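Beneath this line is the structure, given in C-alpha cells, with notes to follow.
This structure is a prediction, so every number in the text was calculated from the model and none was measured.
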Amino acid sequence: MNKVVANADEAIKDIESGMTLMLGGFGLCGIPENCIAALVRKGVNNLTCISNNAGVDDFGIGLMLQQKQVKKMISSYVGENAEFERQLLSGELEVDLVPQGTLATRCMAAGYGMPAVYLLAGVGTEVAEGKEVRNFNGKDYLLEEAFDADFAIVKAWKGDRLGNLIYKDTARNFNPMMAMAGKITIAEVEELVEPGELDPNYVHTPGIYVHRIFQGSNYEKRIEQRTVRPRTPKGA
Amino acid sequence: MNKVVANADEAIKDIESGMTLMLGGFGLCGIPENCIAALVRKGVNNLTCISNNAGVDDFGIGLMLQQKQVKKMISSYVGENAEFERQLLSGELEVDLVPQGTLATRCMAAGYGMPAVYLLAGVGTEVAEGKEVRNFNGKDYLLEEAFDADFAIVKAWKGDRLGNLIYKDTARNFNPMMAMAGKITIAEVEELVEPGELDPNYVHTPGIYVHRIFQGSNYEKRIEQRTVRPRTPKGA
Amino acid sequence: MGYMALNKEQIAQRIARELKDGYYVNLGIGIPTLVANYIPEGVNVILQSENGLLGMGPFPFEGEEDPDLINAGKQTITTLPGSVFFDSAMSFGMIRAGKVDLTVLGAMEVADNGDIANWKIPGKMVKGMGGAMDLVAAAKNIIVAMQHTNRAGESKLLPECTLPLTGVRCITKVVSDLGVFDVTEDGFRCIEYAPGVTIEEIKAKTAGRLTIADDVKEMTF
Amino acid sequence: MGYMALNKEQIAQRIARELKDGYYVNLGIGIPTLVANYIPEGVNVILQSENGLLGMGPFPFEGEEDPDLINAGKQTITTLPGSVFFDSAMSFGMIRAGKVDLTVLGAMEVADNGDIANWKIPGKMVKGMGGAMDLVAAAKNIIVAMQHTNRAGESKLLPECTLPLTGVRCITKVVSDLGVFDVTEDGFRCIEYAPGVTIEEIKAKTAGRLTIADDVKEMTF
C-alpha cells in the first residue's frame with residue numbers, strides 16, 4: 001500500500017472546476033501551500049472552498065481569489081483580505097459565514113459518519129435563519145448538517161507512506177477534521193517518513209483517511225502578526 | 001493549579017449511591033482498577049454504570065456486581081460474566097445494551113457539548129424502538145442523545161498535575177471520550193509527572209477535562225484472552 | 001468424493017480470496033479472525049480492530065503479551081510498522097464514514113433480503129451486540145461467515161430472520177460450509193459450492209429464496 | 001480630579017480582577033488580550049486559544065517566532081509547561097461543553113437583556129464571526145470589554161441591539177471606560193464607576209435600562 005504521489009500537481013490532477021474543496025489551516029498557519037499553488041497553476045474555477053479563513057491578498061487562498069477561481073467561500077472569518085471584500089461586495093463571490101466551532105464540527109461530523117448534529121452557536125441570530133431549532137433540556141440548538149466535500153486538502157508536519165499524519169503545534173487546527181471528511185483526502189507534509197517511524201500512540205490522523213500524500217517543498221509559512229516581547233538586556 | 005489527590009479513596013469520596021458513572025476500558029484493558037476497588041470499599045450502591053463491558057466475575061466492574069452495587073449497566077457487550085447474567089435474568093439488574101459505536105459517540109457528544117446526534121447503528125432493529133428515525137440523503141438514522149454522567153472515571157498511562165493525560169496502545173479505547181464527558185472527571189494514572197514532561201503535541205486528553213488525578217498502584221492489568229504464537233525454534 | 005462441507009479454516013480461506021490489495025478490513029470474532037491467516041501473496045491489507053487499532057499484527061510470542069494491546073476479541077496481539085492507535089469514537093467514526101472496505105462477521109441467521117441476526121437469543125443469551133450493529137449499519141461490503149444449518153439441521157439462510165436483527169438489508173455475501181452466496185434482489189445466489197456438496201443439498205438446506213448462478217462452480221483449494 | 005474615563009489598559013486591569021485561581025479563560029482579540037498582562041499575584045489561570053491551545057504563554061522573544069505557533073488573533077505566541085495542542089473541533093467542544101470558566105470579548109453593542117452584537121455591520125463590514133458565536137452561546141461567564149459610547153457619543157449599552165446579534169441573553173458583565181455593570185433582570189446594574197466619572201454621566205450615556213447598586217463605589221487602581 002503506497003499512497004505517495006510525486007508532488008502537488010499530481011495530487012490534485014483530478015480536481016475539476018465546480019468541485020467542493022476543504023482546505024486546512026487557521027489564518028496562514030498550517031495551510032497546504034503546495035496544493036494551493038498547484039490549484040492556481042491548474043486554473044480550475046467555480047470552486048466552493050470550505051476553509052476557516054480566505055488567506056490574505058497575496059497568500060493562501062487569497063492567491064486563488066486573485067485568479068477568480070473561487071465561486072463560494074464557506075468560512076468563519078474572512079477579514080485581512082481586501083480582494084475578498086471587493087469580490088463579495090461586487091457580487092462576484094458568494095460567502096457563507098459559519099461560526100468557527102460549527103465549521104469545525106460540521107467537518108468532524110462528516111468524518112464521523114454523522115449526517116447532522118445539534119449545536120448551540122448562532123441560536124437567535126441570523127445564522128439560525130432557515131435552520132431547524134430544537135430544544136434539549138431547556139436549551140435551544142440548531143440542526144447543523146455535515147459538510148460534503150469532493151476533496152480535502154490538508155497540511156501536516158510529518159506523514160508516512162500509509163498516510164498516517166502528525167501536526168505541529170497550532171498548525172493542527174482544522175486539518176485533522178478535514179482529513180477525515182474528504183471523499184478524497186490529499187495530505188502534503190514537511191517530512192515524509194517510512195511506516196514505523198511515527199509512534200503509533202501519537203498519530204493524529206490515521207492513514208485510513210488519507211488517499212494521497214507527498215512531501216511538499218519551499219514552505220514559506222508566512223506569519224500574519226509577528227508579535228514579540230523585548231529581551232531582558234544582557235548583562236544589565 | 002493542582003488537581004492531584006492522594007489516592008482512589010480521596011478521588012471518589014463524594015460519589016454517592018444512585019449516581020451515574022462512566023468507567024473507561026474495553027474488556028479488562030484500560031480499566032480504572034484503583035477506583036473500582038475504592039468504590040467497592042466505599043460500598044455505594046444503586047449506581048448506573050456506563051461502560052463498554054461489565055468486567056468478568058472476579059475483576060473489573062464484576063467486583064461491583066458481586067457486591068450488588070450496580071442498579072443499571074449501559075454497555076455494548078456483557079458476556080464473560082456469569083454473575084451479571086444471573087442478576088439480569090433474575091431482574092435484580094437493569095441493562096441497556098447500546099451499539100458500541102453509539103456508546104462511544106454518546107460519550108463524545110457529551111464532551112463536545114452536542115445534546116444529540118444522528119447515527120446509523122440499529123436502524124430497523126429493536127435498538128431503534130422508541131427512538132426518532134430521520135432520513136438524511138436517502139438513509140435512515142436514529143437520534144441518539146448525549147450521556148449525562150455525574151462522574152467519569154478513567155485510566156491513563158501518564159498524566160500531569162494539570163490533568164493532561166496520555167494513554168497507551170489499545171488501553172485508550174473509551175477513556176478519552178469519557179474523560180471529556182463527566183461533570184467531574186477522575187483520572188488514575190500509572191505515572192504522575194510534572195507539567196512540561198508530556199509533549200504538548202501528543203497529549204490525548206487536555207487537562208481542562210480532568211478534575212482529579214492520582215497515581216494508582218498495584219495494577220494487575222489482567223489479560224482476558226492470552227493468545228500467543230510459537231517461537232521459531234532457536235538455531236534450527 | 002472429497003469433503004462433504006468446508007471446515008472453519010476453509011471458510012476463512014475462501015473469504016480471504018475476497019480481499020483486495022489496499023483494503024482496510026475489519027474481521028469479527030470466530031471464523032472471521034482466521035481469515036487473517038490466509039491473506040493471498042501480494043495482497044496487502046490493513047486490519048482494523050474496533051477497540052482502537054489500525055494495522056493489527058499477529059499474536060505475540062509467548063512472554064511478550066502486553067495487557068494494553070488487545071484486539072476486539074480481547075486477545076493479545078501485536079502491531080506492525082505503520083500501526084496507529086485511536087479511541088473508540090474515532091474507530092467507529094471511520095466505520096460509519098465508510099472508510100473500512102470490508103467487514104467479515106459471523107451470524108446466527110441471515111435472510112434473503114440481506115438482513116442479519118447475530119446478537120441475541122431472547123430469554124437465553126444476553127451478551128450484547130458489541131460493535132456488530134455499527135459495522136453492519138455502515139460497512140459497504142459485508143461478508144458473513146457461518147454454518148449453513150443449525151445443530152438440528154435447519155437452515156440458517158432464511159426467508160426472514162426469526163431472531164432479533166443486528167442490521168437490515170446489509171450483507172453482500174455469505175460463505176457457509178456449503179458454498180458461496182451473493183445476496184441479490186432475487187435472494188441468495190449460489191456462485192460456488194463446496195467440493196463434494198451437491199446443488200440439491202444446497203437447495204434442500206436453504207430456506208430463503210435461492211438461485212443458482214449459470215456459471216456456478218466447485219470451489220478449489 | 002483623576003481620569004475622566006478608563007483607558008484600554010485600565011479596562012483590562014479591572015477585568016483581570018474577575019479571574020479566579022484555577023480558571024480556564026478565553027480572551028478575545030483587542031482589549032481582552034491585554035487582560036493577560038494584569039493577572040493578579042497568586043492567581044493561576046490557564047488561557048485557552050480557540051485555534052487549539054491550552055496554556056498560552058507570552059509573546060516570543062524576537063527571533064524566536066514560530067509560524068506554527070499562533071493564537072486566535074494570529075499573533076505569534078509561546079507555550080508554558082503543561083500546555084496542550086488540539087484540533088479546532090475539540091477546542092470548540094470544550095467551549096460548548098462549558099469547560100471554559102470565563103470568556104472576555106469585545107462588542108460593538110450590548111443590550112440590557114444580555115444580547116451582544118460584535119460581528120457584522122450590514123453593508124459595511126463582512127469579516128465574519130470567527131469563534132465569537134460559539135463562545136457566547138456556550139460560556140457560563142462572559143465579560144464584555146468595550147467603550148461605553150461610539151465616536152458620535154451615542155450609547156453602546158442599549159435597550160436592544162441594532163446590529164445583527166452574535167448571541168442572545170448571554171453576557172454577564174460589562175466593563176466599559178465608564179464603569180462596571182452586571183447584567184441583571186432589571187438591565188445593567190452599575191457596581192463601580194471609573195475615577196472621576198459621575199453617576200450622572202453614566203446615566204446620560206447608558207441608553208439601556210440602568211440601575212445603580214446601593215453599594216456602588218469608585219474603582220481603584
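- A donor-acceptor contact shorter than 3.5 Å links the side chain of D:Asp134 to the backbone of A:Thr102.
- Counting only distance, with no hydrogens or angles, the side chain of A:Thr227 and the backbone of D:Phe59 share no donor-acceptor pair below 3.5 Å.
- A distance of 7.0 Å separates CG of A:Asp169 from OG1 of D:Thr79, quoted to the nearest 0.5 Å.
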Quiz item: Yes or no on side-chain contact (heavy atoms from CB on, under 4.5 Å) for A:Leu28 and D:Lys74, after CA distance, side-chain angles and deciding distance?
Solution: CA-CA 8 Å; A:Leu28 301 178; D:Lys74 284 112 180 175; over 6 Å; no
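- Contact annotation for D:Asp115: neither backbone nor side-chain heavy atoms come within less than 4.5 Å of a heavy atom of chain A.
- D:Met133 has its side chain within reach of A:Val127: a pair of non-hydrogen atoms, C-beta onward, lies under 4.5 Å apart.
- Side-chain atoms of D:Ile70 and A:Gln225, non-hydrogen and from C-beta on, never get closer than 4.5 Å to each other.
- Within 6.0 Å of CG on A:Asn135 lie more than 12 heavy atoms contributed by other residues, nucleotides or ligands.
- Although no hydrogens or angles enter the test, the distance criterion places no donor-acceptor pair under 3.5 Å between the side chain of A:Arg229 and the main chain of D:Pro60.
- Residues A:Gln100 and D:Gly131 come closest through the heavy atom pair NE2-N, 3.3 Å.
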Practice problem: Start with the C-alpha gap between D:Asp68 and A:Glu190, add the side-chain angles, then the distance that decides, and say whether side-chain contact (heavy atoms from CB on, under 4.5 Å) holds. | Solution: CA-CA 12 Å; D:Asp68 290 328; A:Glu190 292 182 54; 4.2 Å; yes
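- Using a 4.5 Å cut-off between heavy atoms, A:Val78 contacts chain D through both its backbone and its side chain.
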Quiz item: Step by step, would you call A:Tyr141 with D:Arg96 a side-chain contact (heavy atoms from CB on, under 4.5 Å)?
Solution: CA-CA 11 Å; A:Tyr141 295 81; D:Arg96 280 195 303 263; over 6 Å; no
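- Annotation for A:Lys183: atom NZ counts as buried by contact number, over 12 foreign heavy atoms lying within 6.0 Å.
- Taking the ring centre of D:Phe86 as origin, the terminal cationic atom of A:Arg172 falls outside the region bounded by 6.0 Å and 45° from the ring axis.
- Expressed to the nearest 0.5 Å, how far NZ of D:Lys127 lies from OH of A:Tyr77 amounts to 5.0 Å.
- Taking all atoms of both residues into account, the shortest heavy-atom contact from A:Thr170 to D:Leu69 is OG1-CA, 3.4 Å.
- Heavy atoms only, all atoms of each residue included: A:Gly124 and D:Val168 are closest at O-CG1, 3.8 Å.
- Using a 4.5 Å cut-off between heavy atoms, D:Ala72 contacts chain A through both its backbone and its side chain.
- A donor-acceptor pair under 3.5 Å is absent between the side-chain atoms of D:Asp87 and the main chain of A:Asn173, judged by distance alone.
- Note that CH2 of D:Trp119 and OG of A:Ser76 are 11.0 Å apart. Values are rounded to the nearest 0.5 Å.
- Remark: A:Asn137 CG is loosely packed, at most 12 non-hydrogen atoms of other residues, nucleotides or ligands lying under 6.0 Å away.
- Here A:Glu126 is the residue among A:Arg222, A:Glu126, A:Lys139 with the most heavy-atom pairs under 4.5 Å with chain D.
- For D:Ser49, no part sits under 4.5 Å from any heavy atom of chain A, backbone or side chain.
- Chosen from D:Gly130, D:Ala137, D:Gly63, the residue pairing most often with chain A at heavy-atom distances under 4.5 Å is D:Gly130.
- For the atom pair CD1 (A:Ile223) and CG (D:Asp66), the distance works out to 7.5 Å, reported to the nearest 0.5 Å.
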Quiz item: Step by step, would you call A:Met177 with D:Ser88 a side-chain contact (heavy atoms from CB on, under 4.5 Å)?
Solution: CA-CA 8 Å; A:Met177 285 86 64; D:Ser88 301; 3.7 Å; yes
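- Judged purely by atom type and a 3.5 angstrom limit, A:Arg231 uses its side chain to pair as donor or acceptor with the backbone of D:Glu62.
- Residue contact with chain D, scored on non-hydrogen atoms closer than 4.5 Å, involves the backbone and the side chain of A:Leu120 alike.
- Shown here for A:Phe26 and D:Asn71, the closest heavy-atom pair between the two residues is CE2-O, 3.9 Å.
- For A:Asn53, the part lying under 4.5 angstrom from a heavy atom of chain D is the side chain only.
- With a threshold of 4.5 angstrom between heavy atoms, A:Val98 approaches chain D through N, CA, C or O but not through any side-chain atom.
- Judged by distance alone, with hydrogens and angles left aside, the side-chain atoms of A:Thr125 form no donor-acceptor pair with the main-chain N or O of D:Thr166 at under 3.5 Å.
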